[in-house]
Novice: 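If you scroll down you'll find the structure; I have some questions about it.
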Number of protein chains: 2
Amino acid sequence: MNTIKDVAERAGVSIATVSRVFNDSSSVKSKTRDLVLQTARELAYSPNILARGLMRKKTETIGVVLPDLSGEFFSEVIRGIDEVAARRGYHILLSSSHSRLDDMERLLRLMAQGRVDGLLLMAPQLRKDLLPLLSTTKLPLVLLESSLEGLDADSYYIDNFRGAYLVVQHLIEHGHRRIAVIMGPEDNFDARERHKGYQAALTEKDIPFDGELAFKGDFQKRSGYFGMKRILSLDDPPTAVFAANDDMAIGAMEAAKEAKKAIPEDIAIVGFDDIPISRYVSPRLTTVHMPIYEMVSRATERVINRIEEAETGEIEKRMLSAGLMVRQSCGCSY
Amino acid sequence: MNTIKDVAERAGVSIATVSRVFNDSSSVKSKTRDLVLQTARELAYSPNILARGLMRKKTETIGVVLPDLSGEFFSEVIRGIDEVAARRGYHILLSSSHSRLDDMERLLRLMAQGRVDGLLLMAPQLRKDLLPLLSTTKLPLVLLESSLEGLDADSYYIDNFRGAYLVVQHLIEHGHRRIAVIMGPEDNFDARERHKGYQAALTEKDIPFDGELAFKGDFQKRSGYFGMKRILSLDDPPTAVFAANDDMAIGAMEAAKEAKKAIPEDIAIVGFDDIPISRYVSPRLTTVHMPIYEMVSRATERVINRIEEAETGEIEKRMLSAGLMVRQSCGCSY
DNA sequence: TTGTAATATGAAAGCGCTTACATTATTAAT
DNA sequence: ATTAATAATGTAAGCGCTTTCATATTACAA
């Protein structure tokens, strides 16, 4: 690897001049500039980013911490981040916290070592313990789908509550009264909001919440599958099921099919997320669309703007609305 | 951010001692070590990774360049890489080449600036133009699903040819003679191999390859959908379709359903990849399982071993075998 | 020409760290 | 107690760059 010194020597100038050329800042005679550029090309030189970062305190990298990496949801998240980061000339340092808090602490620490200029953090299970850690970091920090009272950071999230409310309301409007729910992880913020939305829709129509119809899940397909098994084995099974995400809804459909139950005739199923595959299952899944791409691209723009101090103003907490996607599995639109 | 100097001053030692403590290398009296550690904790100090990297010429980061980031396939790739990287104490710098070659050149250059210690590159459309660029880099480089003659780098790939051969052979064994194919992108190595496998299976059973039954696709669902539309509009439609990946197969199933064709009775459909959702579509998709996780985790181990010079030996080019997953859409196992 | 301002370049410090080498403190052996 | 060997610590150079400040060059007007 050639250094600035090699280029300087070969071009017969000082390293300062070479540096100036590569930062196209101040005055360099155009003849000199060309000479330097040419020499640099010959030596396949490009500035060492570590040395540069050491001086500038910038790495053009943003750290991304996600709770998990598998599935279409995260794939969409990553794609959105990558797209705007690339456009703005930033790299992304990706890691998963594996949904474990101590892991996250380790990650955050690492990222605060000068590796990244800003942080994009998605942690639906974010807890108070991390507050001190997060607030000592003076790195620009933007939160995704994370709720943490008392932390002054830009946050972008999706209106899970209203999304769930809408889809359950839709079910009720089409005559369902007994609606089971397969819930997400208890410590997950999204999951809790969705559950509240479910309850709110019920309450609004004077349907009492029945704990017997609420089943635990973990956002994985398997848990939807087993949840449905249990639902179907009830003495008086419900006529509809709200799965707190599409993966579980798909698992639930699977279980229903095995039990030879027709969807939506015997039992309607709705999900949440609108993952790409949800329109390809049969029957097509009625669900709630999450504007993931929109959320993450805004968040990424924001963190970069903060880094570049283009935005120094108020903290922004923005909730994006999730919309109902009526398809076939709810039984109302054939 | 506190520096090593701050810690040294406060602890009343020299920066060298602090450094030693954090590199648990040579001799430091345990009393001193404790003092330093304690002070560091008080100041929330952790070594600046850029400065360290500048000296050590190491960043504990591996660069990952993928052709695309969307869909379950890449999600699985990323998960696999993240898992072993995290275990081995490495970070991952992720970027997509967006399947564009010039983009890739830019990325490779950036990564060679000392940002990463090694490179994991997936480029099914890798072309000769990049050869010089790749070979000048003296960074450890490991290729995934990329074929490039003349480039001496460890490579891991999946036996696409044999996978396709197997699934098409399976179709033939169950009586199909007219088997259409929806192909992947022409410049994609995987796609070409799968197509060859398809042809080989045909040839072996003395079925001539019929260009009329070969349709272009691009690995996206849409193209499977439209491919199937065209297949069904043929005067004498085939009895089976081999889609070169699952996404297209699912699109094709969609088109078949719309045309009220029963799968597999009217037309059998098989795919390739075994993406998680393939077992949840209806009927369940018969496909070829790709040992993605296995491939990427091996590749990641390898690149890290190279970085750490634990492996300095021969270049390894390893092909992992893809296995047939017989489910329902081929019509043989109900 | 000469002087002056503007422009172009170089010298050198320093970013935060590691590490070879020099120095000092400690221990063990005589 | 004295010395040699060993262990612990400090000093200082330098990784590759940016940037301030000083110096040299150039351009232009008088």
Side-chain angles (χ1 to χ4, degrees), chain A residues 1-40 43-61 109-117 138-139, chain B residues 1-40 43-61 109-117 138-139:
Chain A
M1 188 105 308
N2 286 304
T3 75
I4 196 173
K5 212 166 143 195
D6 301 317
V7 177
E9 271 168 16
R10 196 178 221 261
V13 298
S14 75
I15 61 167
T17 301
V18 177
S19 176
R20 283 187 192 104
V21 169
F22 277 88
N23 294 288
D24 51 46
S25 54
S26 44
S27 45
V28 178
K29 206 185 351 180
S30 77
K31 206 188 293 178
T32 321
R33 155 169 281 118
D34 292 347
L35 170 64
V36 169
L37 250 23
Q38 173 57 26
T39 317
L43 297 180
Y45 166 79
S46 59
N48 180 299
I49 219 65
L50 296 183
R52 175 178 278 180
L54 193 54
M55 281 301 296
R56 292 218 198 135
K57 273 118 181 49
K58 279 262 298 165
T59 59
E60 268 94 46
T61 305
R109 181 176 297 288
L110 281 171
M111 294 192 143
Q113 293 172 341
R115 237 179 242 279
V116 300
D117 299 335
K138 63 237 87 224
L139 283 184
Chain B
M1 190 104 306
N2 286 304
T3 74
I4 196 173
K5 213 167 142 193
D6 301 318
V7 178
E9 273 169 15
R10 196 178 220 262
V13 297
S14 75
I15 60 167
T17 301
V18 178
S19 175
R20 284 186 191 103
V21 169
F22 278 87
N23 293 288
D24 52 47
S25 56
S26 44
S27 44
V28 178
K29 201 173 12 168
S30 77
K31 206 189 293 177
T32 322
R33 156 169 280 120
D34 292 346
L35 170 63
V36 168
L37 251 20
Q38 173 57 27
T39 316
L43 297 180
Y45 165 80
S46 59
N48 180 299
I49 220 66
L50 296 183
R52 174 177 279 180
L54 193 54
M55 282 300 296
R56 292 218 199 134
K57 271 120 179 49
K58 279 261 299 167
T59 60
E60 268 94 49
T61 304
R109 180 177 299 288
L110 281 171
M111 295 190 142
Q113 293 173 342
R115 237 179 242 280
V116 299
D117 300 336
K138 65 240 87 228
L139 283 184

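Residue numbers begin at 1 in each chain, while the letters A, B, ... track the order of the sequences.
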Novice: Would you say D:dC15 has OP1 or OP2 under 4.0 Å from some side-chain N or O of A:K5?
Specialist: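 No.
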
Novice: Looking only at heavy atoms, what is the nearest atom pair of B:S46 and A:Q113, with distance?
Specialist: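 Heavy atoms of B:S46 and A:Q113 come nearest at OG-CG, 3.4 Å.
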
Novice: Which residues in residues 6-14 of chain A have a heavy atom closer than 4.0 Å to any atom of DNA chain D?
Specialist: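 Residues of residues 6-14 of chain A that come under 4.0 Å of DNA chain D do not exist, since none gets that close.
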
Novice: Shortest non-hydrogen contact from A:N23 to A:R52?
Specialist: OD1-NH2, 3.5 Å

Novice: On a heavy-atom basis, which atom in A:K5 and which in A:I15 lie closest, and how many Å separate them?
Specialist: CA-CG2, 3.8 Å

Novice: At their closest point, which heavy atom of A:L50 faces which heavy atom of B:L54, and how far apart are they?
Specialist: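 Shortest heavy-atom contact: CD1-N, 3.9 Å.
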
Novice: Without decimals, in angstroms, what is the distance between A:K57 NZ and C:dG14 P?
Specialist: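 That distance rounds to 14 Å.
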
Novice: Test your reading of the model: is there a side-chain donor-acceptor pair from B:D34 to the backbone of B:K31, 3.5 Å cut-off?
Specialist: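 The answer is no, because no donor-acceptor pair under 3.5 Å joins these two groups.
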
Novice: Collect all protein-nucleotide pairs involving nucleotides 18-23 of chain D in which both atoms are nitrogen or oxygen and the distance is under 3.5 Å.
Specialist:
from   : atom 1 : to    : atom 2 : distance (Å)
D:dT18 : OP1    : A:N23 : OD1    : 3.3
D:dT18 : OP1    : A:N23 : ND2    : 3.2
D:dT18 : OP1    : A:R52 : NE     : 2.7
D:dT18 : OP1    : A:R52 : NH2    : 3.1
D:dT18 : OP2    : A:S19 : OG     : 2.5
D:dT18 : OP2    : A:N23 : ND2    : 3.4
D:dT20 : O4     : A:R20 : NH2    : 3.3

Novice: Tell me the interatomic distance from B:N48, atom CG, to D:dG16, atom C1', rounded to whole angstroms.
Specialist: 14 Å

Novice: Are any of the side-chain heavy atoms of A:T3 and A:N48 separated by less than 4.5 Å?
Specialist: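 No. Closest side-chain heavy atoms not under 4.5 Å.
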
Novice: Would you confirm whether A:R20, through its side chain, and A:R33, through its main-chain N or O, come within 3.5 Å as a donor-acceptor pair?
Specialist: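 No; judged by distance alone, with no hydrogens or angles, the pair does not exist.
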
Novice: For B:L50 and D:dC15, what is the distance between atoms CG and P respectively, to the nearest whole Å?
Specialist: 17 Å

Novice: When the distance from CD of B:E60 to C1' of C:dC17 is rounded to whole Å, what number comes out?
Specialist: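 About 14 Å, once rounded to whole Å.
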
Novice: Go through the structure and list residues passing side-chain hydrogen bond (donor to acceptor under 3.5 Å, both in side chains) with A:K58, not counting sequence neighbours.
Specialist: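 So A:K58 forms a side-chain hydrogen bond (donor to acceptor under 3.5 Å, both in side chains) with A:Y90.
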
Novice: Round to the nearest Å and state the distance from A:I49 atom CD1 to D:dC15 atom C1'.
Specialist: 15 Å

Novice: Find the distance A:L54:CG to C:dT18:C1' and express it as a whole number of Å.
Specialist: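 Atom-to-atom, A:L54 to C:dT18, this comes out as 13 Å.
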
Novice: Angle, rounded to 10°, between the helical axes spanning five pairs at each terminus of the helix from C:dT1-D:dA30 to C:dT30-D:dA1?
Specialist: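 Result, rounded to 10 degrees: 50°.
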
Novice: Below the 4.0 Å mark, does C:dT9 have OP1 or OP2 next to a side-chain nitrogen or oxygen of A:T32?
Specialist: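 For C:dT9, OP1 or OP2 has a side-chain N or O of A:T32 closer than 4.0 Å.
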
Novice: For nucleotides 25-29 of chain D, tabulate all protein N/O to nucleotide N/O atom pairs closer than 3.5 Å, reporting atom names and distance.
Specialist:
none

Novice: For residues A:A8 and A:S14, report the shortest heavy-atom separation together with the two atoms involved.
Specialist: CB-C, 3.8 Å

Novice: Please report the shortest heavy-atom distance between B:T59 and B:V116, naming the atom on each side.
Specialist: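 Distance-wise, the nearest heavy atoms are OG1-CA, 3.6 Å.
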
Novice: With sequence neighbours excluded, what pairs up with B:E9 under the side-chain hydrogen bond (donor to acceptor under 3.5 Å, both in side chains) test?
Specialist: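 Counting only residues at least two positions away or on another chain, B:E9 forms no side-chain hydrogen bond (donor to acceptor under 3.5 Å, both in side chains).
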
Novice: Which residue is it: A:T39, A:D6, A:I4, A:L37? I am looking for the one with a side-chain contact (heavy atoms from CB on, under 4.5 Å) to A:Y45.
Specialist: A:I4

Novice: Would you compute the distance between atom CZ of B:R10 and atom CG of B:N2 and round it to the nearest 0.5 angstrom?
Specialist: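 Result: 8.5 Å between the selected atoms.
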
Novice: How many Å lie between NZ on A:K31 and C1' on C:dA8, as a whole number?
Specialist: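 So the two atoms are 13 Å apart, to the nearest Å.
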
